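Atoms within each ligand, like the ligands themselves, are counted from 1 in listed order. Not measured: the values here are computed from a predicted model.
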Amino acid sequence: MTGLRGKFSAPPRRLGCLALAAALFAATASLGAISVLDTYYSPRNRERPARGSTRFIILHTTEGRSRGAGAKLSRRGEAHYMIDEVGRIYRIIDQRRVAYHCGRSMWNGRTSLDNCSIGIEMAGYHNRDLTAAQYRALKDLLTEIQAIYGVPDERVLCHSMVAYGAPNQWQRRSHRGRKRCGMRFAMTSVRARLGLTAKPARDPDVTAKRLVVADPYLHRVLYSGSATEQAQAAAKYLAKETNVIGPGRSAWDIARDEYNSADTVYVLPDGTRKNGTEIVNWRAIPRGTKVLLSEGDANPPEQVRTLGTTGATPASVAGDESLSATTIYVLPDGRCLRGNTLTAEIIAAMPTGTRVLVGYKMDGPITSRRRAFDICGPCWQEADTFYLFPGGTLMSGNTVDAGRIPRGTMVLFKN
Ligand SMILES: [Zn+2]
């Protein structure tokens, strides 16, 4: 057991084959009386500096299910803890180090809050309630962390309270409303269930005119003094949420500052998909375009081409090799197929979002007896070796954590 009140805790030990599967589900650390899982312990830990101070705890919502969210948070080192739908607590970045969870942030004139805060991600959505198990787990975790760092209730904030946006084509001034992340954690009713009795009565940076309010509904959820008014504003938020661009509903309204991110995918009415980095003229996005958040891969490796983005077709990606055994097609649902098992008709009908690797061998799956090294030798941790996890996530060999590759993962490596 690793006590988190002491020095930096060691990264999880390398475990023998037999222990590996069990270890993925077993607590390997503890925080006071709380068990903490290391399933998503981030490989980024070693590169993160120690945090100088801890003035705030910032609560987030993952906007997706825990499984995908956990892998992503781990890969990028974007939180200290995540609590899944059934209340299990996962440690991602050691709580004494800096995690990048707030991005552009400000509170009472202080900026870059990652340097002075602990970030907790709750699996779920900004406009949905937590599960009862999540309430219990979060309450326990907050009690423990607040005691360790002496953080009072009024400094337990949510991401939407501290995030702010720089001026853009929709907002002329620096503004609040960049994120809706975790907004329900400002509601009096939600805080009461978490044992939090005090909260900020107003936005200090709006009061000081450093920022303007870009989202009045959100502002009411965060700061209305009446629980009824908060609930009404939150409900309205839920009702008006649609991910389709139309009159009075811009890309910014839907995606906020993720509007131009590679993670945000736009599905045009004709079926074309583009990610946020591929759109040049934001005024020309047709009505009826659907916006999918957190769908793209923020850093698509260049060896992996995705059909449907920037006009990529099987012909343009694989050319003469489209029917070759060394051209691998990874379908959006995670199935992978070699070109020589397909026909030209099937390939032409591949769904948008299919990832294609040319000049690759595919072998596996990884089992307790057959590890990455056994499959592809020393190239197992190269940037151009890829691991296809059972859920369809594709991870590069230089970011994958060898101790945490799930059984059933296939390995794709240069021929
Ligand atoms: Zn957040």
(Q) Can you confirm if the NZ or CZ of R184 lies within 45° of the ring axis of Y125 and under 6.0 Å from the centre of its six-membered ring? (A) no
Q.
Pairing donors with acceptors under 3.5 angstrom, does anything connect the side chains of Q146 and D153?
A. yes
Q: Determine, step by step, whether R44 and E78 satisfy the salt bridge (charged side-chain N to carboxylate O under 4.0 Å, His left out) criterion, reporting the C-alpha distance in whole Å, the side-chain angles of both residues, the deciding distance to 0.1 Å, and the verdict.
A: CA-CA 9 Å; R44 305 269 168 206; E78 287 179 337; over 6 Å; no
Q: Could you check D84 against R88 for salt bridge (charged side-chain N to carboxylate O under 4.0 Å, His left out), going step by step and ending with a plain yes or no?
A: CA-CA 5 Å; D84 74 7; R88 288 177 294 216; 2.7 Å; yes
Q. H159 and side-chain contact (heavy atoms from CB on, under 4.5 Å): which partner among M183, R178, R180?
A. R178
Q: Answer yes or no on whether R104 is positioned over the face of Y164, meaning its NZ or CZ is under 6.0 Å from the six-membered ring centre and within 45° of the axis.
A: yes
Q | Atoms named by residue and atom, protein N, O or S, within reach of the Zn ion (ligand 1) (under 2.8 Å) | A | H60 ND1, H159 ND1, C181 SG
